[in-house]
Amino acid sequence: MFQLLRYARNYRKEITLGPFFKFLEAVFELILPLFMARLVDEGIALHDQKKVIEMALSMLGLSIIGLICALTCQYYASIASQGFGTVLRNRLMEKINRFSHNELNHFGTDTLITRMTNDINQMQNALAMLIRLVVRAPFLSIGSVIMAFYIDWQMGIIFLVLLPIFCLVLFLIIHYSVPLYKKIQQKLDQLNQLVTQNLSGVRVIRAFARTKTETAHFTEETEEISRLNQKVANISALLSPSTTLIMNAGVVALLYFGGFKVNLGHLEQGQILALINYMNQMLLALIVVSNLVILFTRAAASANRINEVFATDPSLIDTGTIHQVIEHAPLVAFDHVDFRYTKKSGLALQDISFTLEKNKILGITGATGSGKSTLINLIPRFYDPFAGAIHFAGSNVKDWALDDLRSAIALVPQTAVLFSGTIRENLQWGKQDASDAECWAALATAQASEFVEHLPNGLGTPILENGKNFSGGQRQRLTIARALIRKPKLLILDDSLSALDYQTDLELRQALKQELDCGVIIISQRLRSIQSAETILLMDNGKISAQGSHEELLNTSELYQELVASQAESEAS
Ligand SMILES: Nc1ncnc2c1ncn2[C@@H]1O[C@H](COP(=O)(O)OP(=O)(O)OP(=O)(O)O)[C@@H](O)[C@H]1O
């Protein structure tokens with residue numbers, strides 16, 4: 001956990017001054033009972049009005065200074081913990097952004113969100129508590145014992161006897177509650193994942209009439225958390241009566257033995273009051289220490305999860321220095337490429353070799369799971385191949401500066417992802433300073449200008465989360481327009497025409513051919529969408545089963561002939 005404190009190094013001043021002010025407050029708290037003793041013994045007992053006022057004012061002054069110290073500490077604790085949380089969150093985000101798809105797949109989106117939010121909040125709280133209580137609580141508990149000895153060493157022994165009994169009670173409570181807290185934390189993580197999945201997949205759940213099953217699953221999880229919380233609450237509930245019992249036993253012992261001493265004239269009544277006060281302070285401070293132990297145990301679990309992300313090195317390292325395309329070189333060239341997702345899994349791609357020239361169209365087709373998306377994901381280096389080499393515009397993709405490589409390629413993925421904001425803002429993801437004219441031109445090529453023109457707010461129309469206020473086909477065309485606006489060297493459409501009707505699909509491809517000055521890769525199960533491509537790759541089980549133009553494949557590939565026949569049949573029926 002302390003490893004992460006390096007992200008708080010800009011707040012050294014606050015982390016030092018905060019506990020210092022809290023320490024001062026604790027010192028004043030320890031002095032107060034002495035003034036109270038004098039108020040009783042020298043003021044009230046001797047009917048000295050002046051002394052009573054003098055002591056009362058001194059106590060008031062000390063309390064005010066103590067309050068100012070406490071507020072100052074609180075101020076520093078807030079600055080340091082909030083600042084620490086912000087730095088930690090930013091560094092974590094930077095780290096996650098450097099992850100290749102391998103690491104993102106390994107962690108999963110849900111747990112990364114929990115780490116970014118809940119776990120960092122726990123760390124923030126832990127730092128605030130560290131500043132506010134880590135010096136004060138132990139200082140008050142030890143200081144109270146010392147002050148008791150200072151007043152009367154024999155009475156101080158009562159403190160020493162109670163201390164281990166009290167510590168034992170706290171130890172037992174921590175011992176039984178901490179594992180439960182850990183379990184609750186794990187269960188909360190699972191619940192988080194369940195909520196995210198259920199909310200994002202709510203349509204599917206309803207479509208499959210699984211609402212009742214999912215609700216039951218959710219109820220089961222929350223009831224388990226509630227059961228664990230009750231168990232922990234039952235254990236924690238023991239804290240108050242047992243500590244009160246010990247405290248009262250201590251007060252009785254102080255009054256009993258103190259009474260003898262007062263009668264013998266060895267102790268004043270005010271000093272007995274001060275001792276009772278110290279007893280209270282010691283035990284309350286120890287309760288705070290036990291709460292700190294629980295808080296830090298939970299924070300340690302969060303810290304481990306955050307550290308796990310920091311300790312993961314991106315499998316893809318950006319050391320390339322190439323920024324420019326080499327003229328006259330093929331746009332994309334795969335040379336005997338093999339790829340597997342993990343070391344243990346089988347080959348997802350095997351011996352892939354092909355070339356795409358500039359301004360040409362490459363079509364890729366094949367059964368589901370045959371490796372089409374995997375293949376195109378290697379070009380912008382979402383993953384690196386296991387064997388062989390991939391060249392983009394004349395240079396190995398590994399030699400390209402990653403940002404420049406990815407800026408030169410526009411990939412429209414299978415699932416159309418739009419962000420909350422207006423249509424204009426979404427298009428400007430492709431090019432920050434794109435003018436309205438550029439936006440309309442891209443929309444026109446993507447066959448989207450017509451429906452956007454009919455919207456009352458045009459480019460200013462808001463897009464709801466995940467583009468829910470648009471149809472599947474409209475979303476696809478908006479994502480294609482966003483890709484086009486970048487004027488890429490290579491445009492990749494990964495099954496991104498699937499929601500379009502044949503006519504729009506045809507018009508879009510014609511527009512791309514006429515207006516685009518770049519290479520295009522179109523992945524599609526629909527042969528019509530790719531048959532005009534200069535080259536078609538027919539994928540089968542991770543391998544290229546055949547490659548060539550539509551006519552060539554019709555003559556050479558049995559599999560392709562079967563595909564053509566089956567699609568013609570289904571269109572006819
Ligand atoms: N992130 C991943 N981790 C592990 N295996 C994966 C991953 N993504 C895909 N695969 C596997 O790789 C193989 C090829 O998948 P890919 O998505 O490339 O197929 P595809 O031809 O694009 O399929 P579709 O037409 O259904 O989109 C499949 O067996 C799939 O299970």
Side-chain angles (χ1 to χ4, degrees), residues 96 98-112 193 197 200-201 204 312 314-316 332 334 336-354 356 362-388 390 397 409-417 472-473 475-476 479-480 483 490-500 505 520-531 533 535-547 553 557 559-560 562-564 566-567 570:
I96 293 171
R98 288 208 304 276
F99 279 167
S100 79
H101 284 215
N102 264 331
E103 291 80 51
L104 293 176
N105 291 344
H106 166 71
F107 283 108
T109 322
D110 299 335
T111 105
L112 286 176
Q193 281 187 19
Q197 272 181 32
S200 56
V204 182
T312 305
S315 52
L316 214 141
V332 179
F334 272 55
H336 300 288
V337 168
D338 289 346
F339 174 77
R340 54 168 55 113
Y341 277 98
T342 60
K343 281 181 190 144
K344 287 180 192 153
S345 61
L347 286 176
L349 291 177
Q350 202 175 340
D351 198 24
I352 303 293
S353 295
F354 70 89
L356 168 66
L362 174 81
I364 306 181
T365 191
T368 49
S370 57
K372 304 181 294 293
S373 299
T374 306
L375 186 153
I376 49 106
N377 280 337
L378 299 184
I379 307 173
R381 277 194 86 194
F382 293 151
Y383 303 95
D384 275 338
F386 165 68
I390 299 166
V397 287
I409 300 167
L411 193 155
V412 184
Q414 241 165 0
T415 334
V417 179
R475 281 203 293 267
Q476 282 195 336
T479 51
I480 293 172
L490 172 66
L491 173 69
I492 303 174
L493 303 176
D494 183 358
D495 227 349
S496 350
L497 310 178
S498 58
L500 306 187
D505 179 352
V520 182
I521 296 181
I522 303 177
I523 294 183
S524 183
Q525 305 266 12
R526 271 193 215 161
L527 295 181
R528 269 180 189 234
S529 302
I530 54 168
Q531 68 187 30
T535 312
I536 296 170
L537 302 185
L538 175 60
M539 299 293 297
D540 184 24
N541 211 6
K543 295 183 200 146
I544 297 180
S545 151
Q547 65 176 301
L553 291 188
S557 168
L559 186 59
Y560 193 76
E562 280 170 24
L563 271 177
V564 173
S566 72
Q567 290 199 5
S570 61

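Both ligands and their constituent atoms are indexed starting at 1 by order of listing.
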Q: Taking a cutoff of less than 4.0 Å between a non-hydrogen atom of the residue and any ligand atom, is Gly366 in contact with ligand 1?
A: no
Q: Give me the residue, atom name and distance of the protein heavy atom closest to atom 29 (O) of ligand 1.
A: Gly369 O, 4.0 Å
Q: Return the CG to CD1 distance between Leu375 and Ile352, rounded to the nearest 0.5 Å.
A: 5.5 Å
Q: If you measure every N/O of Ala348 against every N/O of ligand 1, is any gap under 3.5 Å?
A: no
Q: To check your reading of the model: name the closest protein heavy atom to atom 25 (O) of ligand 1, its residue, and the distance in Å.
A: Lys372 NZ, 2.8 Å
Q: Closer than 3.5 angstrom, by distance alone: can the side chain of Asn541 be matched with the main-chain N or O of Ser370 as a donor-acceptor pair?
A: no
Q: Considering all heavy atoms of both residues, which atom of Leu316 and which atom of Arg381 are nearest to each other, and what is their separation?
A: CD1-O, 3.0 Å
Q: Whether the Glu103 and Ser100 side chains hold a donor-acceptor pair (N or O, under 3.5 Å, no angle test) is what I'd like checked.
A: yes
Q: With heavy atoms under 4.0 Å as the rule, classify the contact between Met539 and ligand 1 as side chain, backbone, both or neither.
A: neither
Q: Checking side-chain polar atoms at under 3.5 Å, does Gln547 have a donor or acceptor matched by the opposite partner on Thr535?
A: no
Q: Any protein heavy atom at under 4.0 Å, with atom 31 (O) of ligand 1 as the reference point?
A: no
Q: Which is it for Gln414 and ligand 1 at heavy atoms under 4.0 Å: side chain, backbone, both or neither?
A: side chain
Q: Could you tell me which non-hydrogen atom of Gly366 sits nearest to which non-hydrogen atom of Gln525, and how far apart they are?
A: O-OE1, 3.0 Å
Q: Is the contact between Asn105 and ligand 1 made by the side chain, the backbone, both, or neither, using heavy atoms and a 4.0 Å cut-off?
A: side chain
Q: Under a 3.5 Å threshold, yes or no: a donor from one side chain and an acceptor from the other, between Tyr383 and Thr374?
A: no
Q: Nearest non-hydrogen contact with atom 9 (C) of ligand 1 belongs to which option: Phe382, Tyr383, Tyr341?
A: Tyr341
Q: I'd like to know if the side chain of Thr365 reaches the main chain of Ser524, judged simply by a donor and an acceptor atom lying under 3.5 Å from each other, with no hydrogens or angles considered.
A: yes
Q: With heavy atoms only and a cut-off of under 4.0 Å, state how Ser345 meets ligand 1: side chain, backbone, both or neither.
A: neither
Q: Which heavy atom of Pro380 sits nearest to which heavy atom of Ile376, and what is that distance?
A: CD-O, 3.0 Å
Q: Look up atom CD1 in Ile522 and atom CG in Asp494, then write down how far apart they are to the nearest 0.5 Å.
A: 11.5 Å
Q: Any idea which atoms of ligand 1 are less than 4.0 Å away from a heavy-atom of Gln525?
A: 25 (O)
Q: Is there a polar contact between ligand 1 and Ser373, counting only N or O atoms under 3.5 Å apart?
A: yes
Q: Should you measure from each heavy atom of Gly371, which atoms of ligand 1 turn up under 4.0 Å away?
A: 14 (C), 18 (O), 19 (O), 20 (P), 21 (O)
Q: Out of all atoms in ligand 1, which are within 4.0 Å of some heavy atom of Ala367? Include the element for each.
A: 21 (O)
Q: Near Thr374, which atoms of ligand 1 are under 4.0 Å from a heavy atom of that residue?
A: 14 (C), 15 (O), 16 (P), 18 (O)
